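Since the structure comes first, as structure tokens, the remarks are kept for the end.
Proteins come first, then strands; the chains are lettered A, B, ... in the order of their sequence lines, and each starts at number 1. Here the structure is a predicted model, which is why all the values come from computation and not from measurement.
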Amino acid sequence: MEQSGGFFSFLIENLTQFLSYTGFANMTWGHGIMILIGLVFIYLAIKKEYEPLLLVPIGFGIIVGNIPFTPGFQTGIYESGSVLNYLYFGVIQGVYPPLIFLGIGAMTDFSALISNPKLLLIGAAAQLGIFGAYIAALFFGFTPEEAGAIGIIGGADGPTAIFLSSRLAPELMGAIAISAYSYMALVPVIQPPVMRLLTTKKERVIRMKPPRQVTKLEKILFPIVGMLLTTFIVPSGLPLLGMLFFGNLLKESTVTKRLADTAKGPLIDIVTILIGLTVGASTQATTFLTPKSIFIFILGAISFVIATFGGVMFVKFLNLFLKEGNKLNPLIGNAGVSAVPDSARVSQVVGLEYDKTNHLLMHAMGPNVAGVIGSAVAAGILLSFLS
Amino acid sequence: MMRKLKYYVVLAVGVFISVNSLNAQSINDLRINEVMLFNTNNYTDNFGQRGAWIEIMNMGYNSVNLANCYLTNDLNEPKKYKIPSGDPISIIPLRQFIVFFADNKTEHGTLHLNFTLDSTHRFIALVSSNGSTIIDSVTVPVLAANQVYNRMPDGSSNWEVSSFTTPKATNEGRVEKTSAGEKFLKYDPIGAVMAIIAMMVVFTALIVLYRIFRTIGKANQKAVQRKTAKSNEGKIEPQVEEEVAGEVFAAISAALYMYETEKHDQESAIITIQRVSKIYSPWSSKIYGLRQLPNRSIVHQPKK
């Protein structure tokens, strides 16, 4: 009898302990809110098709990262030795973003840019968003390192944002990545009002000259010269720029089709899954639900608006020096913020609203890919100044 | 076109030479950074012995080879100790240090000088390989045992007597280091300087890329035109660029996309002359998989 009593108390003790380990026992309001945010991301991705390839892994990652647990069992992403922590290694050490850039390079066609290289300058002007947000972040009391990491949201480039924030302000990386990807998905909402505000009806219907045909030699030279030049000027951008141009050379050389196919296919898919899931999981309620995150979201929106402003206004400025017939449509200026290819698509859609026969997509792809180069260069500068 | 290419080549060579000429000056970036005269319980050499020591710092951003330079404690004898060549120890990496022992024990190796320092011999000079140019020199004040005479901060003209010794390390070790960000915040609290410099760098990089590809593009177009002219054997008609409507491009792009996405090597259906029979099984029957049975629609014929 005594033995059975001992057994029951042992059983109850274990059951009580088990219950104290469950997610229900450790649940807080923060976890609930974050799980809800994760679900919203998944909804936006599936129902509205906003960047589903990114928002589904990130949204699910947010849920994974916010399942309440008792620390000490190597479960959480921040617990040394846990599986998630091993996967997260690629984020904190900046391994994943250059691999994604390799894939982006292998799938990007720089023809539009090569045929009209002055579009490169729009990609430079749109980086104004990064430094505008940097100034605003300093104003809000962030340290220069944090301000640099937040500013890069304006580059509208997820891998670059993750790469830079992992180096400058790792504790803010989750909020910065979520903010960057959210606003990239919201490009069709944020950009058109700014574009309309800054342009006249006459400017919106400017027809641009069709791009000339680009030879294979030019396509091969572009990644080689581009890599040499940009990395000699900003060596700290080497991981991103080197991989971007390497991926592009794999594509354009036409003799490494298998490698290019792997880079733009299975490799980028695997890394996207890993980066999306782990970045999402890094947003644990305790580290994410802070006033800083709210500021980061505000600054992210500001940076996108400034970047769009910079791109559009620079095209208008360029037009002052261009002859009639060579003028650029300012509606392609927004595409300089990177966010490939969504912002180029915005140029096309807004352009068609004013002239049903004026297709701007191919022209907007030039500044769009220039924005990728520009934001990687800007990230390299911030890294060399602030690290 | 050739003139432009020449211009770029000259520009690139000019930048290369000017950048490298800066690096060539790096022997002048060497500084006597810290000196100890009386060493009783401080830094020991590889033989466990203590002696006066001299720390030299490479202030530059390139490694510097000290081989064939001289160290002396007497200006009348500038070539007193020749730093031997062929010893990799004499190479100082960028922003790093080397420590020489003034113990008159050259048999202990490259780092051991053939003179000593004491209260009467307190002058040290680093002389370049020509034996006459003094790279750096210092006269040390009389120091107590284990005290050092060092530059603070590293490499500056400000010398201090200190009991805090830092052989082969920065003299600023005792000072809490400020991060690059803090320095930026001090000199650029608004962030405007950072914004201007960074935008200038981004623009410079992309403007140079633009100029290069504009030149390459033009050269390439001319080469193509020349080739076409040759193949037409002189019967060239001036090419007039027709303005093509955007819809044409859109239609071609759509057609290409459809062609790329819809072409396939394997058909989903198989055409065969063999008899195909389906064996009935409730497991494969579709009717059991339906959650709602289909209603048979009855068409009422109007009565005649």
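Atom CZ of B:F97 sits in a crowded spot, with more than 12 heavy atoms from other residues, nucleotides or ligands closer than 6.0 Å. Within a 6.0 Å radius of CG in A:L322, other residues, nucleotides and ligands contribute more than 12 heavy atoms.
The CG atom of B:N220 lies 10.0 Å from the CD1 atom of A:I114; values are rounded to the nearest 0.5 Å.
When heavy atoms are compared at a cutoff of 4.5 Å, B:I197 approaches chain A solely by way of its side chain, counted from C-beta outward. A:V214 does not touch chain B: none of its heavy atoms, backbone or side chain, sits under 4.5 Å away. Interface remark: A:L229 contributes side-chain atoms only to the contact with chain B (heavy atom separation under 4.5 Å). Interface residue A:L120: backbone and side-chain heavy atoms are both found under 4.5 Å from chain B. Contact of A:F314 with chain B is made through the side chain alone, with heavy-atom distances under 4.5 Å. No part of A:L360 comes within reach of chain B, as not one of its non-hydrogen atoms sits under 4.5 angstrom from that chain. For A:L138, the part lying near chain B is the side chain, with the backbone staying farther off; criterion is any non-hydrogen pair under 4.5 Å. When heavy atoms are compared at a cutoff of 4.5 Å, A:L168 does not approach chain B at all. Contact annotation for A:F222: both backbone and side-chain heavy atoms come within less than 4.5 Å of a heavy atom of chain B. With a 4.5 angstrom heavy-atom cutoff, A:A125 touches chain B via backbone and side-chain atoms both.
Sorted by first and then second residue, the salt bridge (charged side-chain N to carboxylate O under 4.0 Å, His left out) pairs involving residues 135-153 of chain A (not counting sequence neighbours) are A:E146-A:K292. Annotation: ring-ring contact (aromatic ring centres under 6.0 Å, His included) contacts involving residues 119-152 of chain A, sequence neighbours excluded, comprise A:F140-A:F295.
Of all non-hydrogen atoms in A:G374 and B:L206, the two that sit nearest each other are CA-CD1, 4.2 Å. Closest approach of B:F203 and A:L121 over heavy atoms only: CE2-O, 3.8 Å. Nearest heavy-atom pair, B:A195 versus A:I135, reported as atom, atom and distance to 0.1 Å: CB-CD1, 4.0 Å. Taking all atoms of both residues into account, the shortest heavy-atom contact from A:V377 to B:A205 is CG1-CB, 4.5 Å.
The candidate with the highest count of non-hydrogen atom pairs below 4.5 Å against chain B, out of A:G148, A:A147, A:G226, A:P144, is A:P144. Your options are B:L185, B:L209, B:V201, and the one with the most heavy-atom pairs under 4.5 Å with chain A is B:L209. With chain B as the partner, the residue from A:I373, A:T143, A:L217, A:L221 showing the most heavy-atom pairs under 4.5 Å is A:L221.
For B:A67, the side chain to side chain contact (heavy atoms under 4.5 Å, CB included) criterion is met by B:N65, B:S85, B:S90, not counting sequence neighbours.
Proximity to chain B among residues 379-387 of chain A is limited to A:I381, A:L382, A:F385, A:L386, A:S387, judged by heavy-atom separations below 4.5 angstrom.
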